[in-house]
Amino acid sequence: MPKKLTSGWGRQAPLEPEPQPEPDAGDWWLLTDAVVHLRQVLAQVELPLPTPQAAAARQHTAGLVAQLDDYVIPRLKALDAPLLAVIGGSTGAGKSTLVNSLVARTVTAPGVLRPTTHSPVLVFAPEDVGWFGDQRILPGLARTNAASSDPGSVQLVPERNLATGLALLDTPDVDSVVAINRELAAQLLAAADLWIFVTTAARYADAVPWQVLAQASARQASVALVLDRVAQEAAQEVSAHLSSMMTANGLEHAQLFVIPESPLEEGRLPEQAIAPLRHWLWGLAGDSTSRNAVVRHTLDGALDSLRPRVEQTATYLQEQQRSAEHLRQQCQLTYAQALQQVDASVRGGSLLRGEVLARWQELVGAPQLMHRLQDRLSWVRDRIGERFKRTPSDQHGALGTALGSGISLIITNAADQAAHEVVRLWKADPTGATLLADQHDLGRRSCEAEAATAQLVNDWQAAVLALVRREAAAKRSTARLLSYGINGAGLVVMIAVFASTAGLTGAEVAVAGGTSVVGQKLLEALLGDQAVRDLAAKARQDLHGRIEVLLAREQQRFDALLNTDSVQSSTLRDASAAVERAR
Amino acid sequence: MSALLTPAPSQGHGSGEANAIAQDGLSHRLVVLREIAGLGQERLDEPLLDQISMVVDRAGQRMCLAAGHTVVALAGSTGSGKSSLFNALIGQPVAAVGVRRPTTATASAAVWGQLDVASPLLDWLAVPTRYQVQQGDQGGREELAGLVLLDLPDHDSQALAHRLEVDRLVGLVDLLIWVVDPQKYADNALHSTYLRPLATHDAVTVVVLNHIDTLPGDQARECLTDLSRLVHADGLPAATVLGVSARTGAGLAALRAHVHDALVRGQAMAERISADIDQVAATLADQVPPGGFAPTRVSRSQGEVLVGQLCLAAGAPALSAAVEQSYRHQARLRTGWPVLRWLRHLRPDPLRRWLTSPASQEPSPANTSEGPAPLAGSAARSRVELAVRQLVDGHTQKAPAWQRQALVRRLGLDPSAPASAGGATIPEVMVALQHAVGNTPRTLPRHPRWWTLLNAAQWLLFAVLLVGLGWLSADFVLAWFHLPALPSVKRGPVPLPTLLVVVGVLAAWLLALLGRVLTRWGARRAARRTARQLRAQVSTAAETHLLAPLRTDLQTSARLIRRIREVARG
């Protein structure tokens, strides 16, 4: 059961001198350095993927960084700084009234309109101005001397009535309807040495404040509860119920102050109602030992909480990386399949149908006369060689164009299909779906794909010709091939690329040769030639490489959505472990 | 003290006729919504379709159940005084009012009128705790007959079960009264969890600021103004904001009057359902592009482009060329100079190659039903797929994403789609193209009449040549054997046999020349005719397999969009 209206600090009785040895100065600096390092590592954490937990993950990490900046690091650097008591609570719980009553002067304006306090108000004794005038704590907030409604600033109020060594921070509502107020309240509470949580008889069972309190309990922050506006007749039942709720939520050591509902005097609570709380607070301010105990309790709690919280961030980070990896793999696999499909089309001989076949037959002709008269292969080959040489270049061109347009159609279609498939797969994943939400062009090939494919085909055909020319200079075995001329030889090599993988099968010959026996013989003769097959293998390799590059560029559009240069979770864990070691 | 800051919307006053019209409008919207659910299958997202079905089902159930009753719920945060207000409205301390939080665990109902009449409705609402308001009760007035008042658990309670119960009932009741108090009226839990998502329900929402007796002087008015501002900012401009005090009874009359008004108008249920429809309609409206209409027609030029690409994929230019060559081949065989004609027989007919090459073979049932799809991965198939994709893109430029997705699936571009959803379309098109190619050349008329004429003329000239040659040979032989020569016949200075030979050769050559010109012309014509016929066949295939499904799909989508706009307009 919480102790009521008594001075005393829970189990550890912090008002008593604590038998805790003063920290060794060297160790202390080591710890501070470790925490500062952890802060730097945390700053490099990036959580850019819109996973379902992304918002929670970013908020968690931002909260962690903010607490390190606002509280842990400044407190580690100056253990003897005044005690910062943060007054937090629900809307309309009477936080501002409480602050005004404590210092017996209206320093912040309460009101019936919600939310009332916009920018936080920091009240401290004039002697402590050195501690609060600069950006030592809460470096993210600007300092002002006048009341303002800017949630990005904090109003400084030096107050003579306040005890030296104590500062009060009046915060916005933890459950405010304005989001920025909620976030600010959470940030300020995380910066407190002591939480003074204000609630009322009407709302002490609300869900939101208890979530905040559960957090405080989990971080072992020093907490005091003020139950405000309690009707006389309900005081017993409500405070008993609240006490049991506190026990159930791990706050059994927290102080509970009950303030009965009473008419305000000049907007302030009556003196006797506020006296126990003030007495307790002033006592803490005056006694450096008990004040240190409160400070150390919260600081230890905060340091204790670092490890699980950093671990949580690391888990979020890993989850992001896993999610990215999953999406990247889907993308990679799809494009790999696309490449495979193009490869299969290239090797399977399906290109040598339709128009290509017609052009080939136009080029080769099919003189059955020759078959009748002469069946000797060499003779046929020589005759065909002459034909190749003599055929006007536009027939060469027609075959080359047909081959080129065939392969570029296959590549373009594969690029289209892969993009569509990746979008389909990603849409099934919540993260992927969010990533794609405003990317309308990803479901098809990129706009430069068509031009790139045309370029690819041109480059490849030129490369094949160059290859033939180079090989011709180097080897005698290609002499016969070259009897068809460079262009003819290039075409033969290209046909060979699309004809087969490992040797020529009857079906492919039939496809390529049609019914013409001579065409068939010719192909067998041409493609059976080891020199041609070597060249074809090289040309196919070259084509494969070019297609791979093109598809990789297509895939890059998806990968770009997943790229981050975040710090690794292991680095984060190392930094957290270093803090543990330094303690 | 009470303040009626926002007047209740003054629509449909009282008369039964107006009610009937409103009911008709509502039924119509529900019918439209049901149609949207049907049209949206395979198009809209699954959760959205579920939401639509839920709204339609719930509305149907509610309209069947005791339409004469109006269900009013008191919802609010812990300690805002729902139960006190509940008791105050009934005039009897029915609900236990406690200082311990949270108090009300399950909802309880109070019925003005016969309990058994309302019990199917209460069963549907699954509210077990029921109380019949008697004539003798302070609040049991005749004017509130037909009212079913619910006292809900706290929406911001620490107990999750309470919150779930609130969420369930908030979805079912006709009129929602949110009870807040001066401390908690700006709580985020109320505004972000309930008021903002229910912004479409402002006609059936009342926000009541309880405990106004605790606010001194002008503060009550200020507080109410601020509450109205927040409610307005939440997007509920038509919601009624009232100040009451359950303890002193201030403002209760205004609240009772508001409820009474809702009862008399009998519109709360319809307005509630209407608001539900508005809510789902707002989500639906996001699925539809703003302004402009999605195209429902396939333009002529788009169809032409598609057919052109399909023809290319079928190999139309090569086929035309083959037909042209074949025509020339045949023409030379028929009309060439008989002396050299036999040489032509040594060459094959280029068209025969086409007709027997595997690419144009008749597809047997075996290779369509099993094994890889015809020509999978080939250049032709790639060309077809690209053309179809271009067609889809052309029609979904400004269309919502779901429409493109549906079209892609319908036209067989999604390899993961089952055959029933269009997965077999492209293979079907490929088969149809093969058919078209296989059929076309056979329909060509062969042997034009001029071939016969030319042929006869050639043979005649050949005969003339032979006669001339025979004559000369006879002369030669007779001279060799010193036999008397045949009588010399002369036409002018040239002997007749020589003339016959020269004419036989020269005329044949000229005739062959004429034949070539005619052949070229005829071949071109035949090629053009082939191209035309192939195109016609391909057009039919494109129409059957691609354009008709596309048109149907576009029309369905357009209908869906029209219906969505209709329901979104209200």
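A note on names: the letters A, B, ... follow the listed sequences, proteins ahead of strands, and every chain is numbered from 1. Computed from a predicted structure; not experimentally measured.
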Show the numbers, then the answer: is there a side chain to side chain contact (heavy atoms under 4.5 Å, CB included) between B:V408 and A:H420? CA-CA 9 Å; B:V408 162; A:H420 181 83; 3.2 Å; yes
Take a 6.0 Å sphere around CD1 of A:I180 and say whether it holds more than 12 heavy atoms from other residues, nucleotides or ligands. no
Is atom CD of B:Q390 surrounded by more than 12 heavy atoms (other residues, nucleotides or ligands) closer than 6.0 Å? no
Could you tell me which residues satisfy side-chain hydrogen bond (donor to acceptor under 3.5 Å, both in side chains) with A:D343, sequence neighbours excluded, listed by chain and number? A:H544
Pairing residues for B:Q287 by the side-chain hydrogen bond (donor to acceptor under 3.5 Å, both in side chains) criterion, not counting sequence neighbours: none
A:E421 versus chain B, the contacting section by heavy-atom distance below 4.5 Å: side chain
As an exercise, state the distance from [atom1] of [X] to [atom2] of [Y], rounded to the nearest 0.5 Å.
| X | Y | atom1 | atom2 | result |
| --- | --- | --- | --- | --- |
| B:L386 | A:E450 | CG | CD | 7.5 Å |
| A:K427 | B:Q405 | NZ | CD | 5.5 Å |
| B:R389 | A:R445 | CZ | CZ | 8.0 Å |
| B:D393 | A:R444 | CG | CZ | 4.0 Å |

Name the option with the most non-hydrogen atom pairs under 4.5 Å to chain A; the candidates are B:H211, B:H191, B:R404. B:R404
Chain A shares the most heavy-atom pairs under 4.5 Å, among B:D181, B:D187, B:D234, with B:D187
Report the C-alpha separation of B:R383 and A:N413 in whole Å, then their side-chain angles, then the decisive distance to 0.1 Å, and conclude whether the side-chain hydrogen bond (donor to acceptor under 3.5 Å, both in side chains) test is met. CA-CA 8 Å; B:R383 194 186 279 281; A:N413 190 42; over 6 Å; no
Between B:S382 and A:L409, what is the shortest heavy-atom contact and its length? CB-O, 3.5 Å
Here the pair of heavy atoms bringing B:A379 nearest to A:G406 is CB-CA, 3.6 Å
